[in-house]
Amino acid sequence: MKTLLLYNVKAGRSRAAQKIYRAAREFLLAGYTVELCGIEFDRNPFDGREDTELVVVAGGDGTINYVINCMKAKGLDIAVGIIPAGTANDFAGAVGMSHSAAEAARQIIGGEVQRLDCGCVNGLYYVNVFSFGLFTTTSQHTPDAVKHIIGKGAYIFEGIKELRDLHTIPLHIEADGESFDTEAVMALVFNGETAGSFPLARTADVRDGLLDCLILERRNFLETCRGMIRYLWRGESSQVVYFKARNIKMTTTAEGVQTDVDGQRGADFPLDINCLGGSLRIVCPCRRD
């Protein structure tokens with residue numbers, strides 16, 4: 001099988017290269033035809049490689065996001081395997097991949113290709129979560145050096161700074177034909193289950209054809225903080241609006257709202273967010289009965 005192994009040299013404290021070499025050994029031993037390629041984020045890694053049968057990505061959600069968008073841009077439908085090598089690895093966790101590079105490679109070799117959902121916002125594809133508001137652009141603003149030193153704690157460290165300046169975002173939302181208005185400090189639209197390894201979308205399923213939307217509504221500072229902590233601790237809060245939908249449209253009167261897709265810069269308002277059911281071919285570990 002013609003296999004392209006892509007890795008982000010800056011992902012996960014720069015361990016992606018080490019992990020992809022360990023994974024490559026497993027694929028070679030299994031008889032795969034392997035090409036290793038470091039990702040250059042200013043070019044499409046599938047240029048001249050359109051006949052690839054399997055692409056294996058070593059990196060975090062942002063790296064997977066980049067590869068999926070490059071693949072979709074060329075109209076390709078290649079099976080994708082994942083070697084977790086980022087800071088949080090949320091989508092890899094939803095799929096069930098081992099954090100050991102060699103074991104993840106063996107999971108791919110002995111796994112099965114499944115049709116999983118993909119999110120899409122204004123034509124930009126995402127595998128795990130689209131978000132905006134409090135904490136949600138933290139990954140973009142966190143220096144790579146800080147991520148490399150303290151890992152997932154970097155998100156918390158940088159995110160706490162945002163508590164000093166809570167911005168209200170007025171929203172008009174249409175979800176599968178139903179509409180409502182709210183004032184939010186944070187909104188996340190999940191395809192996966194976690195954000196920064198925090199289990200926020202507890203009922204999400206990457207196979208159900210639906211997106212899970214979580215909105216933290218604005219109260220005063222203390223109530224907003226309590227509501228956020230209560231949801232993280234108990235999975236419920238009167239300040240959190242939670243719903244599932246296939247199509248979500250959002251508009252706002254606020255200006256300059258930054259958004260995020262899988263840790264990268266996202267789309268601008270107004271937003272047209274869709275669940276593309278079964279649009280990804282992901283190699284998943286075989287389930288044990």
Side-chain angles (χ1 to χ4, degrees), residues 65 69 117-141 159 162-196 198 200-206 208-232 235-277 279:
N65 173 290
N69 275 277
D117 303 338
C118 182
C120 183
V121 52
N122 294 5
L124 184 64
Y125 300 94
Y126 69 93
V127 294
N128 191 58
V129 63
F130 168 77
S131 59
F132 56 89
L134 183 67
F135 294 139
T136 60
T137 58
T138 300
S139 180
Q140 295 178 43
H141 302 151
E162 299 183 21
L163 284 171
R164 296 175 299 185
D165 189 18
L166 283 175
H167 291 289
T168 299
I169 305 170
L171 294 174
H172 177 72
I173 299 173
E174 297 179 18
D176 290 349
E178 302 291 331
S179 64
F180 63 95
D181 296 298
T182 187
E183 293 191 347
V185 295
M186 176 176 65
L188 305 98
V189 185
F190 284 92
N191 180 52
E193 303 169 2
T194 61
F198 291 101
L200 300 178
R202 290 171 169 83
T203 65
D205 186 340
V206 292
D208 65 0
L210 297 170
L211 298 171
D212 288 51
C213 185
L214 184 157
I215 298 172
L216 178 63
E217 294 184 311
R218 175 64 190 256
R219 300 288 191 274
N220 63 45
F221 178 81
L222 288 178
E223 288 183 0
T224 300
C225 291
R226 287 195 196 103
M228 181 171 59
I229 293 170
R230 190 178 299 115
Y231 186 83
L232 289 171
E236 59 181 20
S237 170
S238 61
Q239 290 175 235
V240 172
V241 177
Y242 191 114
F243 62 89
K244 292 175 177 282
R246 286 185 174 84
N247 174 257
I248 304 168
K249 297 181 186 295
M250 295 186 182
T251 57
T252 185
T253 56
E255 297 182 358
V257 178
Q258 294 184 344
T259 71
D260 182 280
V261 285
D262 294 334
Q264 309 299 315
R265 182 177 175 82
D268 295 326
F269 277 83
L271 305 172
D272 185 5
I273 313 166
N274 297 279
C275 181
L276 306 179
S279 66

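Start at 1 with the first residue, then count along the sequence.
Considering only heavy atoms from C-beta on, Phe132 comes within 4.5 Å of Met250 through its side chain. Side-chain contact between Phe269 and Leu171 is present, with at least one heavy-atom pair separated by less than 4.5 Å. Considering only heavy atoms from C-beta on, Ile173 comes within 4.5 Å of Phe243 through its side chain.
Atoms OH and CG, from Tyr125 and Leu276 in turn, are 6.5 Å apart once rounded to the nearest 0.5 Å. With rounding to the nearest 0.5 Å, the separation of CD1 in Ile215 from CZ in Phe180 is 4.5 Å. The structure places CD of Glu174 at 10.0 Å from CG of Asp272, a figure rounded to the nearest 0.5 Å. Of the inter-residue distances, the one linking Leu211 atom CG with Cys275 atom SG reads 4.5 Å to the nearest 0.5 angstrom. Put simply, NE2 on His172 and CG on Asp181 are 5.5 Å apart, with the number rounded to the nearest 0.5 Å.
With hydrogens and angles disregarded, no donor-acceptor distance shorter than 3.5 Å links the side chain of Asp268 to the backbone of Thr259. Here the side chain of Asp176 pairs a donor or acceptor atom with the backbone of Arg246 at under 3.5 angstrom.
Scanning both residues, Leu271 and Ala267, for their nearest heavy atoms gives CD2-O, 4.1 Å. Asn122 and Pro270 get closest at one heavy-atom pair: ND2-O, 3.0 Å. Heavy atoms only, all atoms of each residue included: Tyr242 and Thr203 are closest at OH-OG1, 3.2 Å. Shown here for Ala201 and Asp212, the closest heavy-atom pair between the two residues is CB-CB, 4.2 Å.
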Using atom types as modelled, flag every donor-acceptor pair under 3.5 Å from a side chain in residues 183-194 to any protein atom, sequence neighbours excluded.
unit_1	atom_1	unit_2	atom_2	d
Asn191	ND2	Asp117	O	3.0
Asn191	ND2	Val127	O	2.8
Thr194	OG1	Asp90	OD1	2.4

